[in-house]
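Here's the structure, in structure tokens; my notes come after.
Below, read A as the first sequence line, B as the second, and so on, with proteins coming before strands; counting in each chain starts at 1. Source: prediction; values computed, not measured.
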Protein chains: 2
Amino acid sequence: MTKHIDLLLTNAIVLTMDDEFHQYEPGAVAVDGDSIIAVGSDDLLKTQYAAKEITDCQGRVLMPGLVNAHTHAAMTLLRGLADDLRLDVWLLGFMMPVEREFVSPEFVQLGTSLACIEFIRSGVTCFADMYYYEEEAARATAEIGLRALCSQTVLKFPSPDADTYEQALEVAQDFIQRWVGHPLIVPSVAPHAPYTCTEGILQATTQIAASYNVPLHTHLAETLTEAENSKEEHGMAVIPYVEKMRLFDAKVLAAHCVHIDVGEIHTLCHRKVGVSHNPTSNLKLASGFAPVTGMLEAGLDVGIGTDGPASNNDLDMFEEIRLAALVAKGSSGDPTALPARTALAMGTRLGAKALHMGDVTGSLEPGKRADLILVDISPLHNAPRFRRDPEGIYAQLVYASKATDVTDVMVNGRWLMRERKLLTINEAELLAHAAAYAKKIDAFLIQREQSVLSKLIAIGGAMEQESFEVQVKVRVSDPDAIIERIEQPDLEILQQRRYHEFDTYFHFDDPAQGQLRYREDEFINEKGEITNVRYRLTMIGQTRERHFPSDVLLSRSRFIAPAIHSLRFYREYFKPKSETFIEKDRLRWRVIYQGTEFYINLDRIAQPDLGTFLEVKSRTWSLRDAENKAEIAEHLIAFLGAEMESTVTQDYVEFIEEPK
Amino acid sequence: MTKHIDLLLTNAIVLTMDDEFHQYEPGAVAVDGDSIIAVGSDDLLKTQYAAKEITDCQGRVLMPGLVNAHTHAAMTLLRGLADDLRLDVWLLGFMMPVEREFVSPEFVQLGTSLACIEFIRSGVTCFADMYYYEEEAARATAEIGLRALCSQTVLKFPSPDADTYEQALEVAQDFIQRWVGHPLIVPSVAPHAPYTCTEGILQATTQIAASYNVPLHTHLAETLTEAENSKEEHGMAVIPYVEKMRLFDAKVLAAHCVHIDVGEIHTLCHRKVGVSHNPTSNLKLASGFAPVTGMLEAGLDVGIGTDGPASNNDLDMFEEIRLAALVAKGSSGDPTALPARTALAMGTRLGAKALHMGDVTGSLEPGKRADLILVDISPLHNAPRFRRDPEGIYAQLVYASKATDVTDVMVNGRWLMRERKLLTINEAELLAHAAAYAKKIDAFLIQREQSVLSKLIAIGGAMEQESFEVQVKVRVSDPDAIIERIEQPDLEILQQRRYHEFDTYFHFDDPAQGQLRYREDEFINEKGEITNVRYRLTMIGQTRERHFPSDVLLSRSRFIAPAIHSLRFYREYFKPKSETFIEKDRLRWRVIYQGTEFYINLDRIAQPDLGTFLEVKSRTWSLRDAENKAEIAEHLIAFLGAEMESTVTQDYVEFIEEPK
């Protein structure tokens, strides 16, 4: 008895990607409503089903749509903005400042829509997203007709869509409440990573996910630094730490899992955590080689993800699946590791299971939704075809097919693309919007990059110092005599300190940019021990912005900021033309002389070996005050027994550039 | 004054890829005849040149064509034939048997033509080829209009186009003589690799290359095995060895260079050797990570190659350049390693220099041949475009562009593709031919794969043994008593040996396939020392193909071959269903008893521990002789004092499968 259905797809090489990797050639798939009714040989299904529509697949491969197991879709709008940089420079120097400025509901709606087009064109029917304003991502995706796990990000820092993490948690909960049960969208919550969340966030997000029975999406053990820091801070590796936080009480999708050991793999397996392996991202950011073969052997559901298009720089799952297969071989030294069939299973069924959506999508099986694609394997770059080995077709798809070979895409029983024509979205309109965004972002960054100062401000925390600087510097031959004078009762000493200072000066092409100093101050106590270290960044404007009668008086801008990143970070971010290094031992007194506060520095310049100098310094916002202080400073120098004839007007760094 | 020229390409993003990476936007390129006359801004060139034809590039990227620095083009016909295998199984088990059977002038002409289409479609204008019947490759390439370094392979073994290497050398020399000076083809000679060539071949090929002043193309230091063997056999690493052979007296293009140290890099640099880095091939075959950054820093000309399409499995240089950039980061742990601009330079100018063709192609510079491509960077997978950083365009091309974005290709001033339409070749016709070849190759391999025996014969050297086997086996409790009887004068001992034998039996699904035994024989001398080791492969047909009155007599096929590969190789090649392992100590005598020759074995089965057995054996082609021997064998057993009641008819391996 024939059964009446909506659609019969015939004359295809059907790759079910089910547990037993059933293939049918020529094969057919029967679809009714949003679901697959039957999969089998052409002959059999033609006799069993009477379809309203019969589609001849012309010998193309008919397979489940690909599952992109981890991405940040809206970042299509930031693709190619900054590349070949270290993670911190890329993230803190470019992505986060731009995101702070530009990410809005409109940005997310547009960026996600662009991503959806790229997904459809390259055969992706389901993706796991993690971003801000995730409700907009969900809405755009549902309208276009793709399936997605949409995860609202929660961070301990302020983010583009939440000033506090309490607010972010609320946004996530509201979003999940509204979307749970949607036919295409599975809403979820994304505590960004253990090191960007507090313990409270980890616990709260777990509770939200568990209470709505939705997945929890996060980044785990991406870099060696993260793994090492976890051991240092929590006394345990990343996986045990989040397990202790009870994160795995939720259905977790964990991106990366690069730096995990056999025990951690066992834990992930035991707690049914899904994993997204992201080979391009891991290579491009040099995060390391994930133990993919070991995870698969342990029975983990490992999918494949592109990660965000700003760090990949595309959403091409064909590339990603191929790379997963290649990298597993190269990093293990075993050319039989991760064969094509397994790689393709990761890109389909295992990916869907990693998203905890394996009951709905990821293979062509009766009862699952009709999420499927047609791939043309006849183009020359994929010819000829050998039929000797049934595994050959997987190798063909993984090693030779391109994303552009995808011709047709169906999600939930609805065609989204036929013969490479998009059916549910206007591409040209979106591209024009994207170009307009790029123009604005370009302008923002160009403006910022115009000055070292604005680049400093962009990464946060620079404070302007008083505009006028009083500075007398004299070379001294007998430092002990100076110290004796300082200790006379005429001088009120407010504070005394000793530092060991390591200064690196960045110089730039345009002298108007001034100089940037990275200073490491070691605080030395009376016993000569280091008690503390301070890192400071000082942006020093061009000297002598104005001329004064006295050399003692200067006016130049100075911005000061705690240097929370490494010297290496600032070097790669600011790209100085050249650098100078100075090391000195500084004795510093804060004193009151003639009712006025000054700093007295007695500096022994150790590298380069320049001798010892006495400095008297003060700063003020007032010109009159500055002129007054300049006069008293000269008296103070005399009082300390130094001679004004040996006054030096240059900074130490200038000595080295133009030695006297 | 305006100059009259053939063609002006205008309104492009011109990336010259010259030493200073000049860019012009909007830029123009002036072409006259086969050469580039000028490169510059649109405005300037429009005033300077009056062109017969002006092509508006519509804002596409105009850049030098890509250079594929190492491939075996004709192997397009073997693409996807066998994948996810170790190099030896892939090469000895599949590629070489198929090449022996199928490679002909027609095969090379067709395979190279297919490759040329793939090259044109993906923006490759020049490639370095190495294969057999290279004259056919050169002819096909020249007809289609691409530029190539065509290298005729020389091997110490017989090859598809030469029975001896002397003949191969002659073929190479004739080929070079005929083609030297061709406007598109640079002919050359390819001693395949140091380990597949004799010293004489290395010297003769160097001499040929040097005397015609053409490049010499070879594989160097691809695998760790090669590097280690070189040290063992020659007492030095690969590069010093070939330098000692004076190979670098020729202009060398060396593929791979994976396992080389700093000193070897220095040598390559000093001797101006060009290198082809082949990242997909190195990953897929798990050869290792080439020290690309180190080579570039040393100043070596390192190009990028796809290697052959049977091990890649395509000729897509966009993929290859991207992978080079990604792998350098991942393997070094430095995300700033091999930035996009450098990777693209490797795919163009540096590649051309590695081929010793840098004066002719590889960049857009006046005086070079007009080898150029247009790339459309407007598709969605590459949007938006940021202009802040002039390096951004390289990142866009390397990390986001696809081979399918190439729209136009010109070589030597001649258009080969316009708006994705091929102009010089009929693709459909060639594809039909390729499909016919694939069918024949499939049939050949399917036939071969049908039996374990034919797979054994395919890898060479199996010899059939006599059809009738006389075998009596009895369990003995007092081996010393047996030895005493053997040493009686009634028995003439022709030879006595002692072995330690390690047998691995492969079992297959179909019992009719018989069993395959991999045996390691340690020869033990009187002092108990190992004097020699022999590896043998024995294909044992199903027992008792006929029934005889006596259990002592058997008939089954037996093929024996020296096992020149490892157990692991045979395991991966034959893919047995299961395995059994037996270890025994064997005392063996070849004796004459009653005028008839027998083998007497006294076997102590050590693993599994089965005790000691006495075997009397003989083989013959004659049934009558076999029946006669069966009778005498029973007497011999009695003579040796063993009891026929304890006779065992099974082989040792059968004991283990079905223990008594």
Under 4.5 Å from any heavy atom of chain B - which part of [X]:
{"X": "A/Ala82", "answer": "both"}
{"X": "A/Leu85", "answer": "backbone"}
{"X": "A/Glu391", "answer": "neither"}
{"X": "A/Phe289", "answer": "side chain"}
{"X": "A/Asp334", "answer": "both"}
{"X": "A/Leu224", "answer": "neither"}

Nearest 0.5 Å please: distance from the [atom1] atom of [X] over to the [atom2] atom of [Y].
{"X": "A/Thr76", "Y": "B/Leu380", "atom1": "OG1", "atom2": "CG", "answer": "7.5 Å"}
{"X": "A/Glu319", "Y": "B/Asp316", "atom1": "CD", "atom2": "CG", "answer": "8.5 Å"}
{"X": "A/Asn312", "Y": "B/Arg322", "atom1": "CG", "atom2": "CZ", "answer": "8.5 Å"}

Mind listing the closest non-hydrogen atom pair of [X] and [Y] along with its distance?
{"X": "A/Pro384", "Y": "B/Ala438", "answer": "CB-CB, 3.5 Å"}
{"X": "A/Thr404", "Y": "B/Lys402", "answer": "CG2-CD, 4.2 Å"}
{"X": "B/Gly333", "Y": "A/Ala286", "answer": "C-CB, 3.4 Å"}
{"X": "A/Ala400", "Y": "B/Arg79", "answer": "CB-CD, 4.3 Å"}
{"X": "A/Thr280", "Y": "B/Leu326", "answer": "CG2-CD1, 3.9 Å"}

Working note: B/Phe386 + A/Phe444, criterion ring pair (Phe, Tyr, Trp, His ring centres under 6.0 Å); need CA distance, chi angles, decisive distance, verdict.
CA-CA 11 Å; B/Phe386 294 99; A/Phe444 167 76; over 10 Å; no
Identify which of A/Ala328, A/Ala383, A/Gly80, A/Ala325 forms the greatest number of heavy-atom pairs closer than 4.5 Å to chain B.
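Max contact count across the listed options: A/Ala383.
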With chain B as the partner, which of A/Pro379, A/Ala395, A/Pro339, A/Pro279 has the greatest number of non-hydrogen pairs under 4.5 Å?
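The option with the most such pairs is A/Pro339.
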Counting only non-hydrogen atoms closer than 4.5 Å, does B/Leu431 touch chain A with its backbone (N, CA, C, O), its side chain (CB onward), both, or neither?
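Contact with chain A: side chain only.
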Tell me, do A/Val398 and B/Asp83 make a side-chain contact under 4.5 Å, heavy atoms counted?
no
What I'd like to find out is whether the side chain of B/Thr336 reaches to under 4.5 Å of the side chain of A/Arg86, using heavy atoms alone.
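Contact flag for B/Thr336/A/Arg86 side chains = yes.
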Applying side-chain contact (heavy atoms from CB on, under 4.5 Å), run through B/His381 and A/Leu315 and close with a yes or a no.
CA-CA 8 Å; B/His381 60 256; A/Leu315 297 168; over 6 Å; no
Do you know which of [options] has the most heavy-atom pairs with chain A at a distance under 4.5 angstrom?
{"options": "B/Leu77, B/Asp389, B/Leu430, B/Leu323", "result": "B/Leu77"}
{"options": "B/Val89, B/Ile117, B/Leu338", "result": "B/Ile117"}
{"options": "B/Ala340, B/Ser332, B/Gly330, B/Pro335", "result": "B/Pro335"}

Given side-chain contact (heavy atoms from CB on, under 4.5 Å), test B/Asn313 with A/Asn382 step by step and report yes or no.
CA-CA 8 Å; B/Asn313 294 352; A/Asn382 211 338; over 6 Å; no
So which pairs with a foot in residues 425-441 of chain B pass salt bridge (charged side-chain N to carboxylate O under 4.0 Å, His left out), sequence neighbours left out?
B/Arg121-B/Glu427
I'd like to know if the side chain of A/Asp84 pairs up with that of B/Tyr399 as donor and acceptor (distance under 3.5 Å, no hydrogens or angles considered).
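There is such a pair (donor and acceptor under 3.5 Å, judged by atom type) between the side chains of A/Asp84 and B/Tyr399.
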Applying side-chain hydrogen bond (donor to acceptor under 3.5 Å, both in side chains) to B/Arg388 and not counting sequence neighbours gives none
Output, in order, the C-alpha distance, side-chain angles, deciding distance and verdict of side-chain contact (heavy atoms from CB on, under 4.5 Å) for A/Lys329 and B/Leu283.
CA-CA 6 Å; A/Lys329 300 175 198 345; B/Leu283 281 178; 5.8 Å; no
